[in-house]
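Basis for what follows: all heavy atoms, side chains included, without hydrogens, waters or symmetry-related copies. All values derive from a computational prediction rather than experimental measurement.
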Amino acid sequence: MDLLKGLNKAQEEAVMATEGPVMVMAGAGSGKTKVLTTRISYLIQELGIPSSSILAVTFTNKAANEMKERIANMLNIETRYMWISTFHSFCARLLRLEIDALPGYTNKFVIIDDEDSIKIVKEIMKEECIDSYKPKEIRNLISKSKNFTDFSIKDFELNNVFDIVNRKYHAYLHNENLLDFDDLIIKAIELFKKNPNILEKYQYKFQYILVDEFQDTNTLQYNLMFMLSQRHHNIFVVGDDFQSIYSFRGAKIENINRFRRDFLETKLILLEENYRSTKQILDLANCIIDKNPNQIKKVMYSNNKTGILPFYYHANTSYDEVMFVIEKIKDLLDKGDNYDDFAIIYRANYISRNFEDLLVRHKIPYKIYGGLSFFARKEIKDMIAYLRLLSNNDDNFSFRRIINEPKRKIGPALIEKLSNIAELNNKSLLEAIDDYSGSGLAYNALKDFKKIIKSLSAQINNVNLKDLIDLLLENTHYEDELRKDEDSYQDRMANIKELKSVLKEAEEFYDGDNYDKLAAMLSDLALRTDNDDNNEENSVKLTTYHQVKGLEFKNVFMVAMEEEIFPSLNCISDSDIEEERRICYVGLTRAKDRLYITNASNRFLFGSQRGMLPSRFIKEMNKELYKTKEHNVTKFTTATKTDKKPIEAKNDATYNTGDKINHKAFGDGIIVSVKGNLITAAFKSPHGVKTLAGNHPAIRKL
């Protein structure tokens, strides 16, 4: 029959095994969406099942719409009203029909978004005179309490605040006929538990249930599908335990084993043929994921055997690593590839900074996929605003940005008064603080703020520039504010620490005293960030492993593959390492034709040069499955994980007048004179003529 045309044997078996519980473990690139949509089409066309009796749930609107579109093309039918949607959309549709059965709710309920939810929490906290925590932090805890079965708060004060706000929050939503996003699934389950007749109605209705990305389901989602499937038992789940990487969102890989316990007659089907990657790439991916215990055994294979071996490049420094990636991109562009054929994937967001800097300098268009540019992140913009105010006490724009970062109880009314005083006396906002008379917490906070800014401004020439970040964190208590949101704290602090690297570079690359260097750096950053929103379609993608899941690229670079970065320093348990290994597998299987794995012996990280060890995942790779190259121009001492001392790199090149060079900060230039170890070079505007140490690692002879 036409529907089955083009399916391999395992795919065909999955489509035609229509009765009873079926679990399909679909490896990366194995055509799971094709199986899902063909199975639904088969049920309708060949078995005559009404489309209204089929329920299919997935995790994104994009995936749901793609399924509907494929089915419409296969059967030439209208699919708009089929029960194919995300979990939350399904529950919203169900509740519109049945929520009247829950006391206090009507089918005119309003679904509020995160912003609305935070506003409600903020109002409750204001009424309760709670100002020691951010509304967003409490809202996140409310969400966690709904999605994590093991949710708990260890801090006694925070737990009390949560209990008060959580109780009033849900009372408010109930009274106003409101549901937040998390409530959709919770209320659907509550509806079924309190109204067995309604549950029975939908158990009869949905003869066939299909669940996409099953490895990403949480406990609530599992329970909902389990309840609905108890009449017919025709539940079909498809996923990949090799790609379960969302435990931080509540996903339970244990649901795979739970399903097989709850449905003892489960038919297990493996989709092991990959239609994306070459055999050489899949062999390496299989080698890695095979190290994880307690998973369903499958071996991915490809009929595309005419590929090249993955390439492992072990660089001396992170700068060498970035330049290797850029040179490879340029080489493949010359051979006909496009910018959007490339993805640079990293485990930690702060790794993007070095790549962003050099991609800009080499005029390679890029886009941060699914996230923000390093310099567009809130915590970085806040720190830069502080630095601008330290450098220029008259910077009113920066003053306004950070006067309440962290919270100082300085409201808009007070700022307006201060602005009027400043305008009247022709002063900056900071200087106008002395002319403001008042009392209370806000008044004292203003005085303390000015004292901090003036004190740190006076220290600029007496400390290393990178140390300004530590002084700011210590004096402003900005880190304490970040610490309140435990989900984002580690990432945001890592980004701030990486900003120290920018300041360290500024000390070396700009002329004058620290005031001059800081001002020059901030000026360049202003120009840099103005051009940072690169939205060109044809661009190199910079992304994390979690953002790139489900995508594929012709050429993939997995960068910064080092211990404490990947696997992350925060991963200490065996289960954490297993998930990190699955994340590595996801990265490997994004590549279609070429795969490059890179790391560095020495990384300029958080403001200093650090010795780095290769990721354990590289050690787990069979050396016969990849090519390798060591960058041996410079000798470095072997470093351990605890080595924090800067390691100086030496550039042994000799220079003559007229030689062309490349400088990490200033770009391409030409040497106009040489005197001993010092070289004078002319760079393009705005940098001009610079005198530099010829053996500095930032300089490369062209």
Could you tell me whether [X] and [Y] make a salt bridge, using a distance below 4.0 angstrom between a side-chain N and a carboxylate O?
X    : Y    : answer
D513 : K517 : no
E505 : K466 : no
R401 : D382 : yes
D470 : K500 : yes
E481 : R408 : no
D216 : R249 : no

>> Before you tell me yes or no, could you show the steps for D182 and R139 under salt bridge (Lys or Arg N to Asp or Glu O under 4.0 Å), namely the whole-Å CA-CA distance, both residues' side-chain angles and the distance that decides it to 0.1 Å?
In response: CA-CA 11 Å; D182 298 313; R139 170 62 183 88; 3.7 Å; yes

May I have the list of side-chain donor-acceptor pairs in residues 118-131 shorter than 3.5 Å, sequence neighbours left out?
{"residue": "E128", "atom": "OE2", "partner": "K168", "partner atom": "NZ", "Å": "2.6"}
{"residue": "D131", "atom": "OD2", "partner": "K409", "partner atom": "NZ", "Å": "2.8"}

Are side-chain N/O atoms of [X] and [Y] paired as donor and acceptor at under 3.5 Å?
X    : Y    : value
T106 : N177 : yes
S373 : E356 : yes
N495 : N349 : no
D668 : N662 : yes
N602 : T317 : no
N393 : K454 : yes

>> Would you call the rings of F566 and Y545 parallel, tilted or perpendicular, taking 30° and 60° as the class edges?
In response: tilted

>> Angle between ring planes, Y478 versus Y386, binned at 30° and 60°: parallel, tilted or perpendicular?
In response: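 Ring orientation of Y478 relative to Y386: perpendicular.
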
>> Tell me if the centroids of the rings in Y350 and F374 come within less than 6.0 Å of each other.
In response: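 No, ring centres 6.0 Å or more apart.
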
>> Taking the ring of F342 and the ring of Y366, is the distance between their centroids below 6.0 Å?
In response: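 Aromatic pair excluded; centres sit 6.0 Å or further apart.
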
> What pairs of residues pass the salt bridge (charged side-chain N to carboxylate O under 4.0 Å, His left out) test when at least one of them lies in residues 436-446, not counting sequence neighbours?
Replying inline: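 Every candidate salt bridge (charged side-chain N to carboxylate O under 4.0 Å, His left out) pair involving residues 436-446 fails, so no pair, neighbours aside, qualifies.
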
> Got a sec, which pairs hit salt bridge (charged side-chain N to carboxylate O under 4.0 Å, His left out) with one end in residues 156-167, sequence neighbours left out?
Replying inline: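 Salt bridge (charged side-chain N to carboxylate O under 4.0 Å, His left out) check on residues 156-167 returns no pairs.
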
Roughly how far, to the nearest 0.5 Å, is [atom2] of [Y] from [atom1] of [X]?
X    : Y    : atom1 : atom2 : answer
Y443 : D448 : OH    : CG    : 10.5 Å
L456 : S391 : CG    : OG    : 13.0 Å
E431 : N396 : CD    : CG    : 10.0 Å
I364 : L359 : CD1   : CG    : 5.5 Å
I153 : N166 : CD1   : CG    : 8.5 Å
E405 : K381 : CD    : NZ    : 12.0 Å

>> Determine whether L173 and L179 satisfy the following criterion, side chain to side chain contact (heavy atoms under 4.5 Å, CB included), listing intermediate values before the conclusion.
In response: CA-CA 6 Å; L173 263 58; L179 296 178; 6.0 Å; no

In the structure I gave you, are the side-chain heavy atoms of [X] and [Y] within less than 4.5 Å of one another anywhere?
X    : Y    : answer
I329 : F557 : yes
Q547 : T544 : yes
Y369 : V548 : no

> For F553, which residues count as a ring pair (Phe, Tyr, Trp, His ring centres under 6.0 Å) partner, sequence neighbours excluded?
Replying inline: none

Under the side-chain contact (heavy atoms from CB on, under 4.5 Å) test, which residues partner [X], sequence neighbours left out?
X    : result
F248 : Y246, H546
N61  : N65, T86, S89
D395 : R388, L389, N392, F397, S398
H477 : D480

> For the residue pair P406 and T476, what are the closest heavy atoms and their distance?
Replying inline: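 Minimum heavy-atom contact is CG-O, 3.2 Å.
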
> Of all heavy-atom pairs between M558 and G587, which one has the smallest distance, and what is that distance?
Replying inline: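 Result for this residue pair: SD-C, 3.7 Å.
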
Count the heavy atoms of every other residue, nucleotide or ligand shown that sit under 6.0 Å from [atom1] of [X], and state whether that count exceeds 12.
X    : atom1 : answer
K62  : NZ    : no
K497 : NZ    : no
E423 : CD    : no
K447 : NZ    : yes

>> side chain to side chain contact (heavy atoms under 4.5 Å, CB included) for E321 and R603? Distances and angles first, verdict last.
In response: CA-CA 9 Å; E321 177 190 35; R603 183 168 297 280; 2.7 Å; yes

> Excluding sequence neighbours, so at least two apart, what forms salt bridge (Lys or Arg N to Asp or Glu O under 4.0 Å) with D434?
Replying inline: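 Salt bridge (Lys or Arg N to Asp or Glu O under 4.0 Å) check on D434 returns K450.
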
>> Just to verify, what does K427 make a salt bridge (Lys or Arg N to Asp or Glu O under 4.0 Å) with, not counting sequence neighbours?
In response: D435

> E137: what forms a side-chain hydrogen bond (donor to acceptor under 3.5 Å, both in side chains) with it, not counting sequence neighbours?
Replying inline: none

>> What verdict does the salt bridge (Lys or Arg N to Asp or Glu O under 4.0 Å) test give for D357 and R353, after you've listed the backbone C-alpha separation in whole Å, the side-chain angles of each residue and the deciding distance to 0.1 Å?
In response: CA-CA 6 Å; D357 286 347; R353 185 193 66 87; 2.9 Å; yes

>> Quick one, M612 with S318, criterion side chain to side chain contact (heavy atoms under 4.5 Å, CB included). Give me CA distance, side-chain angles, the key distance, then yes/no.
In response: CA-CA 10 Å; M612 307 299 291; S318 49; over 6 Å; no

> Is the Lys NZ or Arg CZ of K484 less than 6.0 Å from the centre of Y133's six-membered ring, within 45° of the axis?
Replying inline: yes

>> Tell me whether the NZ or CZ atom of R96 lies within the 45° cone about the ring axis of F109 and under 6.0 Å from its centre.
In response: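 That pair qualifies as a cation-pi contact.
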
> So which pairs with a foot in residues 158-178 pass ring-ring contact (aromatic ring centres under 6.0 Å, His included), sequence neighbours left out?
Replying inline: Y105-H174, F151-F162

>> One pair to check against side chain to side chain contact (heavy atoms under 4.5 Å, CB included): I415 and N404. What are the steps and the verdict?
In response: CA-CA 10 Å; I415 295 299; N404 265 318; 5.7 Å; no

>> Applying salt bridge (Lys or Arg N to Asp or Glu O under 4.0 Å) to K136 and D485, what does each step give before you reach the verdict?
In response: CA-CA 8 Å; K136 184 177 179 181; D485 187 346; 5.2 Å; no

